[in-house]
Amino acid sequence: QVQLVESGGGLVQAGGSLRLSCAASGRIFNNYVMGWFRQAPGKEREFVAAISWSGSSPYYSDSVKGRFTISRDNAKNTVSLQMSSLKPEDTAVYYCAASGRRLVSRTEVALSSNYDRWGQGTQVTVSS
């Protein structure tokens with residue numbers, strides 16, 4: 001029933017910023033963890049950031065910490081990823097995901113297989 005749609009991807013120069021949005025339709029339970037993952041060509045899918053749907057406490061991968069900010073607006077059923085100081089290595093398809101499982105550790109939060117619903121992805125390309 002839960003559907004996720006990402007938007008906001010595009011082409012940006014290194015050092016620039018982009019804001020990705022994930023719109024959720026259907027029922028999102030309060031205990032759902034919302035996450036962002038990315039996958040570059042030839043690389044494995046990588047955890048980027050996550051946030052509880054019922055709170056504002058964020059969790060980031062070391063590679064994006066200090067540059068990316070995840071947030072949510074429960075009234076609008078959206079989750080956003082503000083990306084700043086972008087680097088060419090940030091180039092990837094970015095996916096929004098939701099987990100209906102009880103994730104009790106950061107290791108579990110960062111594991112893509114623990115997420116039940118996925119968006120279609122949005123391309124982010126950072127030029128040097």
Side-chain angles (χ1 to χ4, degrees):
Q1 291 184 337
V2 176
Q3 299 182 25
L4 305 174
V5 180
E6 304 97 333
S7 62
L11 175 65
V12 65
Q13 292 185 340
S17 300
L18 281 175
R19 185 177 182 87
L20 306 183
S21 294
C22 174
S25 62
R27 186 175 181 181
I28 298 290
F29 295 104
N30 287 341
N31 64 336
Y32 270 39
V33 170
M34 305 298 298
W36 287 95
F37 293 78
R38 66 187 183 186
Q39 188 166 23
K43 296 184 179 180
E44 296 182 354
R45 186 165 296 186
E46 175 188 21
F47 169 76
V48 176
I51 190 169
S52 171
W53 195 248
S54 61
S56 59
S57 180
Y59 173 48
Y60 302 95
S61 69
D62 289 339
S63 62
V64 307
K65 190 178 300 181
R67 299 188 298 118
F68 291 11
T69 301
I70 188 171
S71 61
R72 84 280 183 270
D73 187 336
N74 290 341
K76 297 181 179 179
N77 289 327
T78 58
V79 178
S80 298
L81 185 70
Q82 177 66 47
M83 305 184 295
S84 300
S85 301
L86 284 163
K87 305 174 181 179
E89 50 263 45
D90 294 319
T91 296
V93 176
Y94 283 71
Y95 297 92
C96 177
S99 176
R101 308 177 186 181
R102 187 173 186 270
L103 306 178
V104 298
S105 71
R106 292 185 172 182
T107 298
E108 292 182 349
V109 168
L111 188 62
S112 62
S113 62
N114 283 333
Y115 290 76
D116 306 299
R117 312 299 291 187
W118 293 83
Q120 83 287 350
T122 184
Q123 176 71 47
V124 173
T125 303
V126 184
S127 62
S128 60

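Just so you know, these numbers come straight off a predicted model, no measurement behind them. All residue numbers in this chain count up from 1 along the given sequence.
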* With sequence neighbours excluded, what pairs up with K65 under the salt bridge (Lys or Arg N to Asp or Glu O under 4.0 Å) test? ->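 Expected list: D62.
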* **Separation of W118 CH2 from F37 CZ (nearest 0.5 Å)** =>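 It comes to 4.5 Å.
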Does the side chain of [X] reach to within under 4.5 Å of the side chain of [Y], using non-hydrogen atoms?
{"X": "M83", "Y": "D90", "result": "no"}
{"X": "W36", "Y": "C96", "result": "yes"}
{"X": "Y115", "Y": "V109", "result": "yes"}
{"X": "Q39", "Y": "S112", "result": "no"}
{"X": "D116", "Y": "R101", "result": "yes"}
{"X": "E46", "Y": "S63", "result": "yes"}

* Would you say R67's side chain and S85's backbone share a donor-acceptor pair under 3.5 angstrom? ->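 A pair under 3.5 Å: yes.
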* Ignoring hydrogens and geometry, is there a side-chain-to-backbone donor-acceptor pair from Q120 to E6 under 3.5 Å? ->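 Flag set: sc Q120 to bb E6 pair under 3.5 Å.
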* Asked: Tell me, which pairs form a ring pair (Phe, Tyr, Trp, His ring centres under 6.0 Å) where one or both residues lie in residues 61-100, sequence neighbours left out?
  -> none
Which atom pairs, donor and acceptor, lie under 3.5 Å between side-chain atoms of residues 10-23 and protein residues at least two apart or in another chain?
| unit_1 | atom_1 | unit_2 | atom_2 | d |
| --- | --- | --- | --- | --- |
| R19 | NH1 | Q82 | OE1 | 3.2 |

* Which residues pass the side-chain hydrogen bond (donor to acceptor under 3.5 Å, both in side chains) test with R106, sequence neighbours left out? -> none
* Asked: Taking only residues two or more places apart in sequence or in another chain, which ones pass side chain to side chain contact (heavy atoms under 4.5 Å, CB included) with A49?
  ->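 In terms of side chain to side chain contact (heavy atoms under 4.5 Å, CB included), with neighbours along the sequence ignored, A49 is linked to Y60, I70, L81.
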* **Under the side chain to side chain contact (heavy atoms under 4.5 Å, CB included) test, residues paired with T107 that sit two or more places apart** =>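 Partners of T107 by the side chain to side chain contact (heavy atoms under 4.5 Å, CB included) criterion, ordered by chain and then number, come out as S105.
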* Asked: Considering all heavy atoms of both residues, which atom of R72 and which atom of S52 are nearest to each other, and what is their separation?
  ->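 Between these two residues, the closest heavy atoms are NE-O, 3.9 Å.
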* **Minimal non-hydrogen separation, S71 against I51, with atom names** => CA-CD1, 4.1 Å
